[in-house]
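Each chain gets a letter, A, B and so on, in the order its sequence line appears, and its residues count up from 1.
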Protein chains: 2
Amino acid sequence: MVVYAGQGDPRRSIELLWRASVAEQRPGPKPGLSVDSIVDAGIAVADEQGMAFSMRAVGERLGRTAMALYTYVPGKNELIDLMYDRAMAELPTSYPVADGWRPAVTRWAEDMWEFYGRHPWVLQVSQARPVLGPHEFAVVESLAAILVTTGLPGRRLRGIVGAVNHFVRGAAQSVAEARAAGSATGEGDEEWWYARSAVLMEVEPELAEKFPVLHLLESDRDPVDPELPYLENDAVENFRSGLEVLLDGIEGAVAKP
Amino acid sequence: MVVYAGQGDPRRSIELLWRASVAEQRPGPKPGLSVDSIVDAGIAVADEQGMAFSMRAVGERLGRTAMALYTYVPGKNELIDLMYDRAMAELPTSYPVADGWRPAVTRWAEDMWEFYGRHPWVLQVSQARPVLGPHEFAVVESLAAILVTTGLPGRRLRGIVGAVNHFVRGAAQSVAEARAAGSATGEGDEEWWYARSAVLMEVEPELAEKFPVLHLLESDRDPVDPELPYLENDAVENFRSGLEVLLDGIEGAVAKP
DNA sequence: CGAGGTTACTTTACGCTGTAAGGAGTCGCA
DNA sequence: TGCGACTCCTTACAGCGTAAAGTAACCTCG
């Protein structure tokens with residue numbers, strides 16, 4: 001098995017996510033850990049091993065057993081929720097709109113793109129889930145705060161915020177997963193893609209005839225930037241180009257009614 | 001644990017997905033099963049129990065043990081790949097463009113939306129993965145075939161196809177997961193959302209002040225369609241509205257260079 | 001027709017997972 | 001000083017995917 005995605009008990013998760021955590025004097029041994037240290041350890045493990053991390057691995061990194069974590073955190077799903085939100089603390093909470101909303105949204109999207117690249121496991125967390133934690137809130141708020149300057153009504157803006165969010169996430173996923181598949185087999189991007197299409201051609205030689213339009217799209221390529229790995233070229237190009245279209249659409253909505 | 005996503009060995013998956021499967025005479029007992037019957041059983045189980053289905057459950061549905069499946073299928077990940085592609089066989093392979101590309105893309109998006117609603121587990125399958133199977137190919141081809149009539153160059157179209165795909169999938173995910181969370185606790189949509197925001201308000205009473213723009217967006221609601229459940233209203237509205245913006249963007253790209 | 005090899009399927013078993021249950025040791029407060 | 005709360009550990013369990021080995025069915029060839 002490969003991958004998990006957590007959705008913990010929302011009540012427990014929300015309480016932990018927004019906790020004011022007053023450090024009162026209490027009986028018993030001093031806590032050697034804290035929710036924060038566990039969440040950090042969890043993020044570190046997930047960054048290394050992907051989403052298939054185990055509670056035992058997180059405990060080990062802290063010099064404890066897996067069960068020790070359950071003193072602080074109700075379960076793995078809730079821990080994932082906490083990790084998810086805490087990772088988002090890395091992201092800016094506001095963007096300047098002096099130059100207008102368009103460059104600001106572009107910056108937002110690029111920041112998200114890079115963020116997903118740093119923490120690909122985030123993309124496996126049960127996505128598009130209702131916003132739960134403060135940092136996830138802040139990230140969406142930062143996008144909404146840019147777009148509200150367009151003067152569009154709230155109804156319209158909700159759809160747009162969602163669309164931008166979905167698009168960036170989806171685009172980031174394309175890269176992250178292809179990259180993961182490549183590195184799992186120890187191949188570079190290029191070899192991996194080549195091997196894949198080789199198998200495909202072998203098994204279905206008439207691929208180009210059966211899916212002529214896709215073949216057409218595939219063959220109209222940009223000149224390649226030698227700085228970037230093979231895969232990135234493709235993905236970045238599609239990301240940029242898709243984002244432009246989306247932004248054009250928003251511009252259209254701003255211009256007319 | 002909740003959810004899994006499979007990415008099988010691409011070589012094996014591709015061979016199974018595109019198999020010409022010649023039924024030759026061979027020694028040994030007659031096969032009581034087939035790859036197809038296993039894939040169908042897998043889809044049925046996943047439709048009922050979600051992605052957390054087990055090989056034992058699939059075997060049981062066919063009156064076999066889990067291990068019997070391994071005669072036909074290399075492993076669970078590959079089975080998931082097969083299920084994923086087979087489910088997509090439900091979708092149309094082409095859309096009329098007599099009225100132009102815009103209504104056709106809308107139809108495509110709505111069909112996808114409904115498809116994801118019928119098979120929510122599909123959304124958990126490692127997404128935005130490189131296209132592997134014939135039906136997944138056909139689905140993307142059907143979208144590309146509509147959009148190619150815009151006359152836009154291939155480079156541009158690839159970004160657009162990706163954007164539409166990501167958007168529809170992301171939007172569908174919002175509903176599917178919220179719905180799943182609601183039904184897991186046995187609550188209706190409305191109660192679930194209400195309970196969630198109640199906890200949030202209890203823990204962070206100043207939510208509206210801390211995230212003023214989101215509060216603004218949230219409060220500008222459309223009149224509710226009493227035909228639909230609470231959640232659906234919201235999601236469908238956002239889906240429609242986001243799609244419109246995206247389509248406007250494409251229209252802009254068609255109009256100017 | 002009978003032997004041999006191939007195949008379908010079962011049984012058993014292993015290592016892994018998340019986590020429930022109970023016990024050991026540590027500390028604040030009465 | 002002891003009680004009760006608390007942290008952390010050990011043990012244990014049910015479930016998972018699947019490797020390995022065994023059994024029975026069947027075709028092909030002598």
Side-chain angles (χ1 to χ4, degrees), chain A residues 1-9 12-13 21-38 41-42 45-46 49-83 124 126, chain B residues 1-9 12-13 21-38 41-42 45-46 49-83 124 126:
Chain A
M1 274 291 66
V2 194
V3 153
Y4 315 84
Q7 186 102 309
D9 172 14
R12 300 297 310 269
S13 288
S21 105
V22 272
E24 11 155 9
Q25 259 325 41
R26 284 183 307 146
K30 293 264 157 61
L33 301 177
S34 65
V35 175
D36 285 329
S37 66
I38 291 175
V45 173
Q49 322 191 337
M51 197 54 157
F53 74 96
S54 70
M55 294 297 270
R56 283 169 175 85
V58 177
E60 206 159 326
R61 172 171 281 255
L62 295 164
R64 302 290 138 90
T65 64
M67 288 313 291
L69 310 180
Y70 285 84
T71 311
Y72 302 87
V73 158
K76 191 187 184 184
N77 287 332
E78 287 80 4
L79 173 57
I80 292 177
D81 280 344
L82 292 174
M83 287 164 54
Q124 323 259 45
S126 193
Chain B
M1 273 290 68
V2 193
V3 155
Y4 315 83
Q7 185 99 312
D9 173 14
R12 300 297 310 269
S13 288
S21 107
V22 271
E24 8 155 11
Q25 262 318 47
R26 285 183 308 148
K30 292 263 158 59
L33 302 176
S34 66
V35 175
D36 286 329
S37 66
I38 291 174
V45 173
Q49 322 191 341
M51 198 55 156
F53 74 96
S54 71
M55 294 297 271
R56 284 169 173 87
V58 177
E60 206 159 326
R61 173 171 282 254
L62 294 164
R64 302 292 137 91
T65 65
M67 289 310 292
L69 311 180
Y70 286 83
T71 311
Y72 302 88
V73 156
K76 190 187 184 183
N77 287 332
E78 287 79 5
L79 173 57
I80 292 177
D81 280 343
L82 293 173
M83 286 163 54
Q124 323 259 44
S126 192

(request) Round to the nearest Å and state the distance from Ile38(A) atom CD1 to dT19(C) atom P. (result) 13 Å

(message) Looking only at the side chain of Leu33(A) (C-beta and beyond, no hydrogens), which of the listed nucleotides dC8(D), dG18(C), dA20(D) gets closest?
(response) dC8(D)

(request) Select from Met55(A) and Leu69(B) the residue whose nearest nucleotide in DNA chain C is closer to the 5' end of that strand. (result) Leu69(B)

(request) Flag the pair Arg61(A) / Phe53(A) as yes when at least one side-chain heavy-atom distance between them is below 4.5 Å, and no otherwise. (result) no

(request) Take the protein atom CE of Met51(A) and the nucleotide atom P of dG18(C), then report the distance between them rounded to whole Å. (result) 11 Å

(message) By nearest atom, which of the nucleotides dC9(C), dT19(C), dT18(D) is closest to the Thr71(B) side chain?
(response) dC9(C)

(request) Would you give a per-nucleotide map of nucleotides 21-30 of chain D, 5' to 3', where B means the base has a protein non-hydrogen atom under 4.0 Å away, S means only the sugar-phosphate does, and - means neither? (result) ----BBB---

(request) Round to a whole Å and report the spacing from OH of Tyr72(A) to C1' of dT7(D). (result) 6 Å

(request) For the residue pair Lys76(A) and Val58(A), establish whether any side-chain heavy-atom pair is separated by less than 4.5 Å. (result) no

(message) If you define the side chain from C-beta out and look only at heavy atoms, does anything of Met51(B) sit under 4.5 Å from Ile80(B)?
(response) yes

(message) Using side-chain heavy atoms (C-beta onward) and a distance below 4.5 Å, is Tyr72(B) in contact with Asp36(B)?
(response) no

(request) Quick one: pull up OG1 in Thr71(B) and CZ in Arg64(B) and give me the separation to the nearest 0.5 Å. (result) 10.0 Å

(request) Figure out the CZ/P separation between Arg64(A) and dT10(D), and round it to whole Å. (result) 12 Å

(message) For dT10(C) and Thr65(B) - does any side-chain N or O of the residue sit under 4.0 Å from the phosphate oxygens OP1/OP2?
(response) yes

(request) For Ile80(A) and dG18(C), give me the distance from atom CD1 to atom C1', rounded to whole Å. (result) 11 Å

(request) Supply the atom-to-atom distance Leu69(B) CG to Glu78(B) CD, rounded to the nearest 0.5 angstrom. (result) 13.0 Å

(request) Taking only the side-chain heavy atoms of Arg56(B) (C-beta and beyond), determine which of dA13(C), dG18(C), dC9(D) contains the nearest atom. (result) dA13(C)

(request) With the side chain of Met67(B) defined as its heavy atoms from C-beta on, choose the nearest nucleotide among dG18(C), dT12(C), dG17(D). (result) dT12(C)

(request) With the side chain of Ala66(A) defined as its heavy atoms from C-beta on, choose the nearest nucleotide among dT18(D), dT7(D), dT19(C). (result) dT19(C)

(message) Below the 4.0 Å mark, does dC9(D) have OP1 or OP2 next to a side-chain nitrogen or oxygen of Tyr70(A)?
(response) no

(request) Would you confirm whether Tyr70(B), through its side chain, and Gly75(B), through its main-chain N or O, come within 3.5 Å as a donor-acceptor pair? (result) no

(request) Return the value, rounded to whole Å, for the distance between atom NZ of Lys76(A) and atom C1' of dC16(C). (result) 12 Å

(request) Scan Ala68(A) against the nucleic acid and name what it touches under 4.0 Å (heavy atoms): base, sugar-phosphate only, or nothing. (result) sugar-phosphate

